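Reading through the structure tokens given below for one structure.
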There are 2 protein chains.
Amino acid sequence: MPDSHDMLFRTLADPTRRAIFERLCRDGELTVGALTAQAGVSQPAVSKHLGVLKQAGLVRDRQAGRQTHYSAQLGALSPLIDWTSQMAGFWEARFDDLEDLLARMDQ
Amino acid sequence: MPDSHDMLFRTLADPTRRAIFERLCRDGELTVGALTAQAGVSQPAVSKHLGVLKQAGLVRDRQAGRQTHYSAQLGALSPLIDWTSQMAGFWEARFDDLEDLLARMDQ
DNA sequence: CCAACTCATATCTCTCTGGTTATGAATAAA
DNA sequence: TTTATTCATAACCAGAGAGATATGAGTTGG
């Protein structure tokens, strides 16, 4: 059962794809051509990566004539933030349990 | 050049491996056997996943007799947190630039 | 209308990796 | 000292996916 975390992690796992996303975060809206110019891979490869990013909700595309403009959707990162703080939460919960245990032992 | 983000994202991209890490966050230290019991894959598969997690610094292992106890190393997640806030930072920087521009235009 | 441009899709290849079974090393128990 | 248990490693297999090239659809400019 591939949940939302799954898609996010898998999408961001590829260095080329993550670099494209980072670039969109830095520079804002960019065309496929502009992205391809610095991606180090072919234009079809970039298009495929953009497709995956779009599928994951990480980017938005805007058609304008014969070129497509892509921009990052930062909100799509929130499941990742949630997951991280959830892990930290588990950690702290266990720490609290330990404290409770010690407190009870102390009585 | 696979940086630290790379290893983290790639390591956490696999569902089975991420589930193992989540379990270690929830339940604390666990043996390979205990992890295997609920992993849904064979023991060698679990061992391999633990090896990858250890390589990424996400887990620690402690030998005790014939069993190995693994525990999560939450601190290894900080590059991930850093990356996320960096992306958000880029976003805000661009927003600030826009505000500056508008402010200058307003004069 | 025709030529050039921008991007997406189709197809193929090849590598990477997550899974398995088999096995061995180390430790504990009988 | 055997026997059983726990885990890691080796070898192998199959599927996924990231890359390339080829091509076509849609758009702009001459």
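None of the values given here were measured: they were computed from a predicted structure.
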Checklist line | Aromatic plane relationship, Trp83(B) with Phe9(B) - under 30° parallel, 30 to 60° tilted, over 60° perpendicular | finding: perpendicular
Next item on the list: Hey, could you give me each pair passing salt bridge (Lys or Arg N to Asp or Glu O under 4.0 Å) that has a residue in residues 34-49 of chain B? Not counting sequence neighbours.
Entry: none
Notebook entry, point to check: Can you tell me if Arg62(A) uses its side chain to pair, donor with acceptor, with the backbone of His69(A) under 3.5 Å?
Noted result: no
Notebook entry, point to check: Should the heavy atoms of other residues, nucleotides or ligands under 6.0 Å from CZ of Arg26(A) be counted, would the total exceed 12?
Noted result: yes
Notebook entry, point to check: Run the side-chain contact (heavy atoms from CB on, under 4.5 Å) check on Asp27(B) and Leu30(B) step by step: do they pass?
Noted result: CA-CA 7 Å; Asp27(B) 303 347; Leu30(B) 289 172; 4.0 Å; yes
Check: Between Leu80(B) and His5(B), is a side-chain contact (heavy atoms from CB on, under 4.5 Å) present by the stated rule, with each step listed?
Finding: CA-CA 7 Å; Leu80(B) 199 143; His5(B) 300 144; over 6 Å; no
Check: Near DNA chain D, under 4.0 Å by heavy atom, which residues of residues 20-38 of chain A?
Finding: none
For nucleotides 20-24 of chain C, print each protein N/O atom paired with a nucleotide N/O atom at under 3.5 Å, atom names and distance only.
residue : atom : partner  : partner atom : Å
dT20(C) : OP2  : Ser42(B) : N            : 2.9
dT20(C) : OP2  : Ser42(B) : OG           : 2.7

Next item on the list: Kindly indicate whether the side chain of Leu77(A), heavy atoms from C-beta on, has any atom under 4.5 Å from the side chain of Leu58(A).
Entry: yes
Item checked: Arg18(B) side chain to Leu12(B) backbone, donor-acceptor under 3.5 Å -> yes
Checklist line | Spatial distance of atom OG1 (Thr36(B)) from atom CG (Leu50(B)) [nearest 0.5 Å] | finding: 7.5 Å
Check: Does Arg17(A) reach the main-chain N or O of Leu53(A) with its side chain, forming a donor-acceptor pair under 3.5 Å?
Finding: no
Checklist line | Where chain B begins and ends its contact with DNA chain D, read 5' to 3' at 4.0 Å from heavy atoms | finding: dA4(D) to dT9(D)
Note to self: side-chain contact (heavy atoms from CB on, under 4.5 Å), that's the test. Do Ile20(B) and Val46(B) meet it? Break it down for me.
What the structure shows: CA-CA 8 Å; Ile20(B) 291 176; Val46(B) 172; 4.2 Å; yes
Check: What is the distance from NE2 of His49(B) to C1' of dC16(C), rounded to the nearest Å?
Finding: 14 Å
Next item on the list: Whole angstrom is fine here: how far is it from CZ in Arg10(B) over to P in dT15(C)?
Entry: 18 Å
Check: Where along residues 60-73 of chain A does a heavy atom fall under 4.0 Å from DNA chain D?
Finding: Gly65(A), Arg66(A)
Check: Among all residues two or more places apart in sequence or in another chain, which pass the ring pair (Phe, Tyr, Trp, His ring centres under 6.0 Å) test with Tyr70(A)?
Finding: none
Notebook entry, point to check: Checking side-chain contact (heavy atoms from CB on, under 4.5 Å) for the pair Phe21(A)/Thr16(A): CA distance, chi angles, key distance, verdict?
Noted result: CA-CA 9 Å; Phe21(A) 177 72; Thr16(A) 306; over 6 Å; no
